[in-house]
*Asks:* 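Okay, handing you the structure first.
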Number of protein chains: 2
Amino acid sequence: MDQKISQKVVERLTLYHSILIEYLEEGIEAISSPQIAARLKIDDSQVRKDFKLLNNAGKCRVGYLVKDLKESIENTLGFSAPKDAFIIGAGNVGLALAKYDNFTNYGLNVLALFDNDPIKVGMEFDNKQIFHISKLPNLAERLNVDIVILTVPRQQAQKVADFAVESGIKYIWNFSPVILRVPSGVNVWNENLIASFLQFAYKNIIGS
Amino acid sequence: MDQKISQKVVERLTLYHSILIEYLEEGIEAISSPQIAARLKIDDSQVRKDFKLLNNAGKCRVGYLVKDLKESIENTLGFSAPKDAFIIGAGNVGLALAKYDNFTNYGLNVLALFDNDPIKVGMEFDNKQIFHISKLPNLAERLNVDIVILTVPRQQAQKVADFAVESGIKYIWNFSPVILRVPSGVNVWNENLIASFLQFAYKNIIGS
DNA sequence: AAAATATTGTGATTATTATCACTATTATTA
DNA sequence: TAATAATAGTGATAATAATCACAATATTTT
């Protein structure tokens with residue numbers, strides 16, 4: 001599949017999706033590009049061009065069918081292709097994500113958690129067992145998991161990431177505020193909450 | 001202050017900052033643009049142009065001073081201008097963020113949490129009290145707080161946001177997967193974790 | 001001291017992204 | 001039925017962002 005859709009567009013697709021859920025719940029069948037654009041404070045032609053990429057045609061004077069559009073976005077973003085993952089780090093963030101069971105509806109199944117704290121190991125959270133980190137290589141191979149959500153403290157992040165890579169992990173969703181060094185072939189996505197707040201603060205509070 | 005620095009640059013500044021912390025901890029005094037660029041897999045001239053915006057000069061054949069650069073970024077991003085905030089929603093995500101005490105080092109002080117669950121109200125978490133949501137207007141005014149971190153379930157997000165706005169809140173860091181409707185003058189920053197994962201998955205797993 | 005090398009700083013170029021302006025179409029209203 | 005209005009679709013244009021290329025400079029090596 002050719003990556004014809006840019007990251008910018010993918011980001012907007014997720015925003016459109018949130019709005020479509022709302023419309024669906026309200027029982028509204030059609031939505032127009034100016035309506036969406038107004039909600040997101042963007043240009044309406046942008047919205048139409050994005051939908052064009054999904055091969056989702058609208059109807060003049062009516063708009064787009066909410067149901068079809070939602071399904072188009074879900075197909076494009078891979079909701080229906082379930083991906084199994086582990087969480088490494090059973091701290092507050094790790095546990096919060098483990099209970100975020102909505103993930104499953106979006107194609108992400110968290111199968112288990114890992115930690116090195118003997119008190120946590122053996123416990124269960126939201127039907128997910130917490131294993132000792134040493135069990136990672138074995139379970140990753142047996143369950144064929146190559147995605148981890150990394151929520152360990154900053155100081156341990158690189159070391160744990162190295163271990164995950166040795167265990168065959170190919171995709172790391174990294175919540176530690178660290179730029180991980182990984183070999184080529186391994187993909188990292190950074191979710192730095194503090195950094196995100198700083199961007200918000202700069203845009204709205206400081207830099208204006 | 002004129003907003004001379006674009007969001008894209010601000011985003012990179014937060015990434016540079018993570019790397020600078022690492023260098024500082026290792027006791028390395030200088031860092032070069034190619035070093036940073038290699039870590040982030042971006043162009044080195046990009047790094048230099050970003051630093052130029054901070055008025056932070058480098059030295060040929062040596063690079064930039066880690067300490068100075070880090071301070072420049074922190075000044076620009078407002079680390080030293082403390083901002084008080086409330087968390088609304090004492091669920092898993094809310095509690096995880098409340099314990100994320102690193103926030104304080106980055107200029108964000110969480111003063112208290114709010115919830116509508118009578119069991120949670122009155123409890124304390126990481127020295128932060130959980131108040132009933134009805135106390136929000138009063139406390140926001142008394143403590144002069146106009147920033148909230150919204151971590152309530154999707155179904156209640158808009159209603160709670162409306163209430164927060166009525167209470168004088170001007171900045172909402174929104175963790176609910178909902179596009180909030182707010183009056184002009186109120187700023188929303190969306191942190192949709194599921195959407196973020198979908199972007200990651202599309203980029204690396206699906207769309208390639 | 002001279003040559004080689006690594007690095008900054010930056011103008012020029014290219015690529016990407018967003019906006020504008022307009023036509024075609026379809027539903028609604030007079 | 002004709003006029004009006006709202007909307008999709010889209011090429012052209014503008015704005016923004018990233019990359020390239022290279023001169024200037026400082027350090028290191030020979």
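Here the structure is a predicted model, which means the values were calculated and not measured. Residue numbering restarts at 1 for every chain, and letters A, B, ... go by the order of the sequence lines.
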*Asks:* From C-beta outward on Arg48(A), which listed nucleotide comes closest to its side chain: dT10(D), dA21(D), dT17(C)?
*Replies:* dT10(D)
*Asks:* For Asp162(B) and Gln158(B), test the side chains for any donor-to-acceptor distance below 3.5 angstrom and give the result as yes or no.
*Replies:* yes
*Asks:* Can you list, in residue-number order, the parts of residues 35-43 of chain B that come under 4.0 Å of DNA chain C, counting heavy atoms only?
*Replies:* none
*Asks:* With a 6.0 Å cut-off on the ring centroids, do Phe51(B) and Tyr64(B) count as close?
*Replies:* yes
*Asks:* Could you identify the nucleotide paired to dA30(C), looking across every strand shown and requiring Watson-Crick or G-U wobble geometry with both distances under 3.5 Å?
*Replies:* dT1(D)
*Asks:* If you define the side chain from C-beta out and look only at heavy atoms, does anything of Leu150(A) sit under 4.5 Å from Val160(A)?
*Replies:* yes
*Asks:* When we call it a touch if two heavy atoms are under 4.0 Å apart, what does Val62(A) touch: a base, just sugar-phosphate, or nothing?
*Replies:* sugar-phosphate
*Asks:* Quick one: Glu11(A) CD to dT16(C) C1', roughly how many Å, whole number?
*Replies:* 15 Å
*Asks:* Checking all strands, does Ser32(B) fall into the base, sugar-phosphate, or nothing category for heavy-atom contacts under 4.0 angstrom?
*Replies:* sugar-phosphate
*Asks:* In plain terms, say whether Lys203(B) and Glu11(A) are close enough for a salt bridge, that is, a side-chain N and a carboxylate O under 4.0 Å apart.
*Replies:* no
*Asks:* From dA18(C), dT8(C), dA8(D), pick the nucleotide closest to the side chain of Gln46(A)?
*Replies:* dA18(C)
*Asks:* How close or far is atom P of dT17(C) from atom CG of Asp50(A), stated in whole angstroms?
*Replies:* 11 Å
*Asks:* Give one of base, sugar-phosphate or nothing for Tyr64(B), where a contact means two heavy atoms less than 4.0 Å apart.
*Replies:* sugar-phosphate
*Asks:* By the 4.0 Å heavy-atom rule, please label Lys49(A) as base, sugar-phosphate, or nothing.
*Replies:* base
*Asks:* Can we say Asp50(A) and Arg12(A) salt-bridge, meaning some charged N sits less than 4.0 Å from an Asp/Glu carboxylate O?
*Replies:* yes
*Asks:* State yes or no: are the ring centers of Phe86(A) and Phe114(A) separated by less than 6.0 Å?
*Replies:* yes
*Asks:* Report the residue (Ser45(B) or Gly58(A)) whose heavy-atom-nearest nucleotide on DNA chain D is the more 5′ of the two.
*Replies:* Gly58(A)
*Asks:* Could you check whether the side chain of Arg61(B) and the base of dT5(C) have a donor-acceptor pair of N or O atoms closer than 3.5 Å, going by distance alone?
*Replies:* yes
*Asks:* Could you state the atom-to-atom distance from CD of Gln7(A) to P of dA17(D) in whole Å?
*Replies:* 17 Å
*Asks:* Less than 4.5 Å apart, side chain to side chain, heavy atoms only: is that true for Ile133(B) and Asp115(B)?
*Replies:* no
*Asks:* Heavy-atom nearest nucleotide on DNA chain D for Lys52(A) versus Cys60(A): which residue maps closer to 5'?
*Replies:* Cys60(A)
*Asks:* Starting at CG of Asp44(A) and ending at P of dC22(C), how long is that distance when rounded to a whole Å?
*Replies:* 15 Å
*Asks:* Measure the distance from CZ on Phe51(B) to C1' on dT8(C) and round it to the nearest whole Å.
*Replies:* 12 Å
*Asks:* Rounding to an integer number of Å, can you tell me how far Asn55(A) CG sits from dG9(D) P?
*Replies:* 11 Å
*Asks:* Assess whether a salt bridge exists between Arg154(A) and Glu25(B), defined as any Lys/Arg side-chain N lying under 4.0 Å from an Asp/Glu carboxylate O.
*Replies:* yes
*Asks:* Measuring from the side chain of Lys59(B) (C-beta onward, heavy atoms only), which nucleotide among dT27(D), dA8(D), dT19(D) has the closest atom?
*Replies:* dT27(D)
*Asks:* OP1, OP2 of dA8(D) versus side-chain N and O of Ser33(A): anything below 4.0 Å?
*Replies:* yes
*Asks:* Can you tell which of dA18(D), dC20(D), dT10(D) lies closest to the side chain of Lys8(B)?
*Replies:* dA18(D)
